[in-house]
Amino acid sequence: MGKQSLGKRLIHSKFFGLLMFTIVLAFVIFLIQDKFVSRGNFRQLFITMTIPGIMLVSVAPLLISGGIDLAAAAEAALGSMVFAQLLTFFPALPWGVALILALLAGVVFGLINVFLVNKMHFMSFIATIGMSSVYSGFATMWTRTNNVQINRASFLSLGKAAILWDWVPLLFILMIVLVVIYGYILSNTPFGRSIYMVGGNPYAARLSGLKPKKVQAVLFINSSVMAVLSGIIWSAYKKMASPTALVLNMPNFAALTATILGGVSFFGGSGGMAGAFAALLLVNVFTSGLNMLGLPSYISIALQGLILIAALILDNVTTNRQRKALRKAAISGENAKKA
């Protein structure tokens, strides 16, 4: 019975539905353009997924807790710039040390966001939009809009490394590992459960002994660190750090779109990593298919925006229905007590 119930839960899960839809979509694209199933296209698909996928593991928990970090792309750009400049100014510095220092810069970015949200009581939406301009502006001024080339062969080899007959990039596997780890933390640890409680009902979370501000502080710092890591991985693929490219491409919005489409409520308290990852795969297969069909990239960007709007509308409708159902249940419970 346990196995059957687990199977039923899987079949009715957001993850399974999105995965099946992705397979059908990929098959339709293949029928139209058979080059869709090729080593080059799949490798590019996995590379494209890696950056928003790294951001996904921090976007989803933060959104579940009721917060949001819209500065992630700018943090990625500035963090990768710190990494590249360290390698430029200190040629003898091991790139692993530069990586650690850049991630520590990410911790500082997160602490700034925490200060604005927890201490200054700004809405996370407003605070991180403002800091996005600050981070991207500082990265641009630092190099006067110029890219910084990276010439460390041992670091750049990470961007080239692949497994399974050169189909799957190694850094994509790193992203999958992070998704699994964060998914386990959300589903099977006390801290994960506290994230859901804080996002679902902060008042009840306080009454149960949790400290919502501390939980969100950890998640904001995690968001900035993961953003910097994604920016450095982007640099491994592109062999440079750019003050503008990541900000313009907005991989954080791709992660946010996938998170909401995958079942994480924009209002917090529900959702999971598996559905978010399945939605990320769906969005990227969709975008890759449009590119294979020869449609301009700006059409893909516009359609991704429409997908995000549709996901938000669906989330809003679902949330309102749940609230109405809870209200009806509460009213019927009160009536039963009176009777």
Side-chain angles (χ1 to χ4, degrees), residues 51-52 54-82 105-142 145 195 198-199 202 212-213 215-231 234 241-261 264-269 271 276 280 283 301-302 304-313 315-316 319:
I51 310 305
I54 296 289
M55 291 184 175
L56 185 78
V57 301
S58 58
V59 169
L62 184 56
L63 201 60
I64 291 171
S65 76
I68 191 169
D69 183 4
L70 297 179
E75 292 163 351
L78 183 54
S80 64
M81 196 62 63
V82 170
V107 173
V108 174
F109 303 157
L111 287 172
I112 293 172
N113 293 337
V114 170
F115 173 76
L116 293 175
V117 174
N118 284 354
K119 298 297 183 182
M120 300 301 294
H121 304 291
F122 291 170
M123 294 176 62
S124 59
F125 182 89
I126 300 299
T128 55
I129 280 184
M131 291 312 301
S132 176
S133 298
V134 173
Y135 297 140
S136 60
F138 190 76
T140 303
M141 289 189 296
W142 195 357
T145 72
I195 292 173
V198 167
K213 287 187 177 181
V215 172
Q216 284 205 336
V218 172
L219 296 176
F220 272 113
I221 293 170
N222 175 68
S223 177
S224 298
V225 170
M226 287 296 108
V228 171
L229 178 61
S230 68
W234 184 90
S242 171
T244 57
L246 282 165
V247 177
L248 293 175
N249 290 333
M250 297 187 296
N252 56 323
F253 276 92
L256 181 62
T257 300
T259 301
I260 298 172
L261 188 62
V264 175
S265 174
F266 190 77
F267 303 97
L280 179 67
V283 170
I301 294 172
Q304 285 185 41
L306 290 174
I307 291 172
L308 176 58
I309 294 298
L312 285 169
I313 292 172
D315 177 59
N316 187 52
T319 302

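Just the heavy atoms: all of them, side chains too, but no hydrogens, waters or symmetry mates, feed the values below. Since this is a predicted model, take the numbers as computed values, not measurements. One-based numbering along the sequence shown.
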Check whether Ser223 reaches the backbone of Leu219 with its side chain - one donor and one acceptor, N or O, closer than 3.5 Å.
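A pair under 3.5 Å: no.
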Determine the minimum heavy-atom distance between [X] and [Y], stating which atoms define it.
| X | Y | result |
| --- | --- | --- |
| Met226 | Ser58 | CB-OG, 3.7 Å |
| Ala258 | Leu56 | CB-CD1, 4.2 Å |
| Ala127 | Leu116 | CB-CB, 3.9 Å |
| Ala255 | Pro52 | CB-O, 3.5 Å |
| Ala227 | Ala76 | O-CB, 3.1 Å |
| Ala77 | Ser242 | CB-O, 3.8 Å |

With the side chain counted from C-beta on, respond yes when [X] and [Y] share a heavy-atom pair under 4.5 Å apart, and no when they do not.
| X | Y | answer |
| --- | --- | --- |
| Leu111 | Val107 | yes |
| Val59 | Val264 | no |
| Thr128 | Phe122 | no |
| Leu256 | Ile68 | yes |
| Ile54 | Trp234 | no |
| Ile64 | Val198 | no |

Decide yes or no on side-chain contact (heavy atoms from CB on, under 4.5 Å) for Leu246 and Ile51, but give the supporting numbers first.
CA-CA 10 Å; Leu246 282 165; Ile51 310 305; 4.3 Å; yes
With rounding to the nearest 0.5 angstrom, report the [atom1] to [atom2] distance, [X] to [Y].
| X | Y | atom1 | atom2 | answer |
| --- | --- | --- | --- | --- |
| Met55 | Leu280 | CE | CG | 11.5 Å |
| Ser265 | Ile260 | OG | CD1 | 8.5 Å |
| Phe266 | Thr259 | CZ | OG1 | 11.0 Å |

Using the side-chain contact (heavy atoms from CB on, under 4.5 Å) criterion, which residues pair with [X]? Sequence neighbours excluded.
| X | value |
| --- | --- |
| Ala74 | Ser132, Tyr135, Ser136, Val247 |
| Ser224 | Asp69, Glu75, Phe109, Asn113 |
| Leu248 | Thr244 |
| Val114 | Asn118, Ala217, Phe220, Ile221 |

By side chain to side chain donor-acceptor pair (under 3.5 Å), which residues pair with Asn249, not counting sequence neighbours?
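By the side chain to side chain donor-acceptor pair (under 3.5 Å) rule, Asn249 matches no residue at all.
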Checking Ser65 now: which residues fulfil side chain to side chain donor-acceptor pair (under 3.5 Å) with it, not counting sequence neighbours?
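With sequence neighbours excluded, Ser65 shows a side chain to side chain donor-acceptor pair (under 3.5 Å) to Gln216, given in chain and number order.
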